[in-house]
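Report on the structure given below.
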Amino acid sequence: MIRVLLPTHLRTLAGVSGEVMLEVVGAATQRSVLDALEAKYPMLCGTIREHGTMKRRAFLRFFACGEDLSHESAEAMLPEAVQSGVEPFLVIAAVAGG
């Protein structure tokens with residue numbers, strides 16, 4: 001099981017109160033985790049990734065095991081600790097301002 005932690009506004013939209021547990025078939029990559037997340041919670045389609053390009057939305061970041069994975073390939077394997085469920089895959093709302 002892959003653990004995913006969403007920012008508050010996406011948890012509210014999905015109707016969940018804590019971590020989301022996902023079963024990912026095959027390789028655990030950013031793409032496969034986000035595909036599984038959107039399949040389980042279709043209301044999140046287009047909120048994390050753009051509809052047409054499937055690229056990460058500008059004000060969201062992906063983290064795991066203390067590392068920023070936002071600019072990694074969507075096909076790159078997630079760290080073993082995330083694959084085994086020890087650590088969560090984090091979707092973080094970026095903070096902007098002056």
Side-chain angles (χ1 to χ4, degrees):
M1 282 290 199
I2 304 286
R3 297 166 44 208
V4 178
L5 187 60
L6 298 169
T8 303
H9 68 287
L10 294 180
R11 284 195 313 266
T12 300
L13 183 61
V16 298
S17 59
E19 286 184 345
V20 174
M21 302 295 284
L22 299 173
E23 187 69 41
V24 175
V25 178
T29 64
Q30 284 184 31
R31 182 180 314 274
S32 66
V33 168
L34 295 174
D35 286 348
L37 181 67
E38 290 174 348
K40 188 171 182 176
Y41 301 99
M43 67 286 289
L44 295 178
C45 290
T47 62
I48 298 172
R49 301 181 290 184
E50 298 287 342
H51 283 288
T53 64
M54 300 307 279
K55 291 187 180 187
R56 171 184 57 85
R57 286 198 163 279
F59 286 99
L60 290 176
R61 307 290 287 202
F62 304 141
F63 284 85
C65 302
E67 293 186 36
D68 185 349
L69 304 177
S70 303
H71 299 290
E72 299 292 322
S73 166
E75 300 304 326
M77 294 293 292
L78 293 175
E80 179 59 37
V82 173
Q83 294 181 45
S84 64
V86 173
E87 292 285 331
F89 178 72
L90 305 167
V91 178
I92 305 291
V95 177

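- L90 and V82 fall into different hydrophobic clusters, defined by Ile, Leu, Val, Met, Phe, Trp and Tyr side-chain heavy atoms under 4.5 Å apart, directly or through other members.
- A single hydrophobic cluster is not seen to contain both M21 and V86; linkage of ILVMFWY side chains at heavy-atom distances under 4.5 Å, directly or through other members, places them apart.
- Cluster membership check: I48 shares its hydrophobic cluster with M43, using side-chain heavy-atom separations under 4.5 Å among Ile, Leu, Val, Met, Phe, Trp and Tyr.
- By the salt bridge (Lys or Arg N to Asp or Glu O under 4.0 Å) test, R61 pairs with D68, sequence neighbours left out.
- Side-chain contact check for I92 versus P7: every heavy-atom pair is 4.5 Å or farther apart.
- For residues 48-95, the pairs satisfying ring pair (Phe, Tyr, Trp, His ring centres under 6.0 Å) are F62-F89, with sequence neighbours left out.
- In this structure, L6 is a member of the same hydrophobic cluster as L13, with clusters built from ILVMFWY side-chain heavy atoms closer than 4.5 Å.
- Looking at heavy atoms from C-beta onward, R57 lies in side-chain contact with E50 at the 4.5 angstrom threshold.
- Summarising the geometry of E38 relative to C45, their closest heavy-atom pair is CB-SG, 3.7 Å, with the distance given to 0.1 Å.
- Note on residues 17-26: pairs passing side chain to side chain donor-acceptor pair (under 3.5 Å), not counting sequence neighbours, are R3-E19.
- Of all heavy-atom pairs between L44 and L10, the closest is CD2-O, 3.7 Å.
- Proximity of R31 to R49: side-chain heavy atoms (C-beta onward) are separated by under 4.5 Å at one or more points.
- Applying the side chain to side chain contact (heavy atoms under 4.5 Å, CB included) test to A27 and every residue at least two apart in sequence or in another chain returns T29, M77.
- Criterion: ILVMFWY side-chain heavy atoms under 4.5 Å apart, direct or through other members. Under it, L34 and L5 are not part of a common hydrophobic cluster.
- Applying the side chain to side chain donor-acceptor pair (under 3.5 Å) test to every pair with at least one member in residues 6-15, sequence neighbours left out, gives these pairs: T8-R11.
- With hydrogens and angles ignored, the 3.5 Å screen pairs no side-chain donor or acceptor of E87 with any backbone N or O of A64.
- Among all heavy-atom pairs drawn from L60 and A93, the shortest one is CD2-CA, 3.9 Å.
- With sequence neighbours excluded, the residues that form a side chain to side chain contact (heavy atoms under 4.5 Å, CB included) with S73 are E75, A76.
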- Between L69 and L78, does a side-chain contact (heavy atoms from CB on, under 4.5 Å) hold up when you go through it step by step? CA-CA 9 Å; L69 304 177; L78 293 175; 3.9 Å; yes

